[in-house]
Amino acid sequence: MSELMKAKEYQSGIHPVWCAGCGNYGALAAVYRALAELQIDPANLVNISGIGCSSRMPYFLKAFKMHTLHGRAGPVATGLQLARPDLKVLVTGGDGDGFSIGGGHMPHLGRTNVNLTYVLMDNHIYGLTKGQASPTSRREMKAYTTPYGGIEAPMWPLLYMLTYGATYVGQAFAGDAKMCAELIKGGLEHRGMAYIHILSQCPSFNKMDTADYFKSIIKEVPEGHDVTDLRKAMRLVYKFKEKEKEPVGLLYKTQRPTLDDIMADLVKQAGGSKDYDIRKIIDLSHP
Ligand code: SF4
Ligand code: MG
């Protein structure tokens, strides 16, 4: 990569197939923008997803990519990151994929601090399969699977990821491309597990949580918020939720050894070669 890349040059050439007005367009534009701001070489970028509307993102991005099984983007990304710690690993997906089918994986991405950036587009519904209640659906929402309203309270993904040890946690509304791009950029720069929660409307199947609804419930993280204080970040989420608001901005950021750091240390302790170089191994495999 010699010349400066513009945001649109990160487009793969495949046009998104999302419905008109879908929030995922905003998240995708923000990803392009963040990549251009960081001048990330597409040859060193891998976008991994599971299944769902937002999980189609890798098709639209100039990068190496894997469209994996439903909910399994996290484990695949972990394996890839450990095998190729030199690459930028970006995971993209939705609320159902991440917190229902793949919900068992999320704590482990956080607690092991895998060096990746997870952009989760939360539309409070299963869009691809045409409107079933998801783990973040409000109880009062009547969906295909809940015609009388939900029976479970929605989960709080931000609190969940803070609790389980993600080292960079932020939230933005998909309609605010600037904030989305800033958070994604910060996540890609961060060494460790970065979790970026994007409130993303699904106009086709979630008629309650519209773009206007999301706009009406968001409130920026107060100026002066100490992003290094985990308890303050958690309290902020509670406080906002009590007022039926969602905090947007960077909530938390800290540094802790990543899984690949710890594994490299273990290899050293076990007598592994200090000259181990994945690049040399890859070169050896070239014809
Ligand atoms: Fe977006 Fe919903 Fe259409 Fe899926 S169904 S592309 S989430 S608007
Ligand atoms: Mg969804």
Side-chain angles (χ1 to χ4, degrees), residues 11-12 14-32 47-61 65 67-74 90-106 109 118-147 149-161 171-177 180 184 195-215 217-218 246 248:
Q11 295 174 3
S12 67
I14 296 172
H15 292 292
V17 287
W18 295 319
C19 312
C22 177
N24 296 343
Y25 285 104
L28 177 62
V31 168
Y32 291 145
N47 184 191
I48 297 177
S49 69
I51 298 294
C53 289
S54 48
S55 288
R56 286 179 163 161
M57 191 177 281
Y59 290 104
F60 317 132
L61 198 63
K65 54 202 76 179
H67 191 183
T68 71
L69 300 176
H70 208 353
R72 309 298 170 229
L90 172 68
V91 180
T92 48
D95 41 311
D97 184 69
F99 284 105
S100 185
I101 294 95
H105 301 303
M106 295 305 267
L109 296 178
Y118 200 129
V119 177
L120 190 131
M121 288 149 269
D122 183 5
N123 51 18
H124 302 177
I125 194 105
Y126 283 92
L128 188 72
T129 44
K130 303 194 184 316
Q132 296 82 11
S134 89
T136 54
S137 299
R138 288 192 275 157
R139 281 197 63 190
E140 54 269 42
M141 191 181 75
K142 292 181 178 150
Y144 182 62
T145 42
T146 51
I151 50 171
E152 299 138 332
M155 63 171 297
W156 297 6
L158 289 175
L159 205 54
Y160 194 93
M161 295 315 292
Q171 174 164 256
F173 163 52
D176 186 343
C180 289
I184 295 168
Y195 176 74
I196 297 127
H197 194 88
I198 311 262
L199 298 166
S200 175
Q201 72 277 8
C202 168
S204 296
F205 295 107
N206 187 340
K207 305 289 183 191
M208 263 180 90
D209 299 349
T210 60
D212 283 341
Y213 166 75
F214 282 134
K215 263 188 252 171
I217 59 160
I218 54 173
E246 288 283 345
V248 286

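These figures come from a predicted structure and were not determined experimentally. Indexing begins at 1, ligand by ligand and atom by atom, following the structure's order.
Looking only at N/O/S atoms, Asp95 comes nearest to the Mg ion (ligand 2) through OD1.
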query: So Asp209 and Arg138, side chain to side chain contact (heavy atoms under 4.5 Å, CB included) or not? Walk me through it.
result: CA-CA 9 Å; Asp209 299 349; Arg138 288 192 275 157; 2.4 Å; yes
query: Would Phe214 and His124 count as a ring pair (Phe, Tyr, Trp, His ring centres under 6.0 Å) if you check the C-alpha gap in whole Å, the side-chain angles of each, and the deciding distance to 0.1 Å?
result: CA-CA 11 Å; Phe214 282 134; His124 302 177; 5.3 Å; yes
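The distance from ligand 1 to the heavy atoms of Phe205 drops below 4.0 Å at these ligand atoms: 5 (S). Interface of Pro203 with ligand 1, defined as ligand atoms under 4.0 Å from a residue heavy atom, comprises 8 (S).
Of all the listed residues (Cys22, Gly131, Ser200), Cys22 holds the heavy atom that lies closest to atom 1 (Fe) of ligand 1.
Remark: minimum distance from atom 4 (Fe) of ligand 1 to any protein heavy atom is reached at Cys53 SG, 2.3 Å.
Taking the six-membered ring for Trp and the full ring otherwise, His105 and Phe99 have centroids separated by 6.0 Å or more.
Contacts between Asn123 and ligand 1 below 4.0 angstrom, taking non-hydrogen atoms only, involve the side chain exclusively.
For residue Asn123, an N/O/S atom approaches the Mg ion (ligand 2) to within less than 2.8 Å. At a cut-off of 2.8 Å, Cys19 is counted among the residues with an N, O or S atom near atom 3 (Fe) of ligand 1. Between atom 4 (Fe) of ligand 1 and Cys202 there is no N/O/S contact shorter than 2.8 Å. With 2.8 Å as the limit, Ile125 counts as an N, O or S neighbour of the Mg ion (ligand 2).
Heavy atoms from other residues, nucleotides or ligands lying under 6.0 Å from OH of Tyr59 number 12 at most. Applying the 6.0 Å contact sphere to CD of Glu140 captures more than 12 heavy atoms from other residues, nucleotides or ligands.
The one candidate from Ser134, Ser137, Ser100 that meets the side-chain hydrogen bond (donor to acceptor under 3.5 Å, both in side chains) condition with Tyr126 is Ser100.
By the 30° and 60° cut-offs, the orientation of the rings of Tyr118 relative to Tyr195 is tilted.
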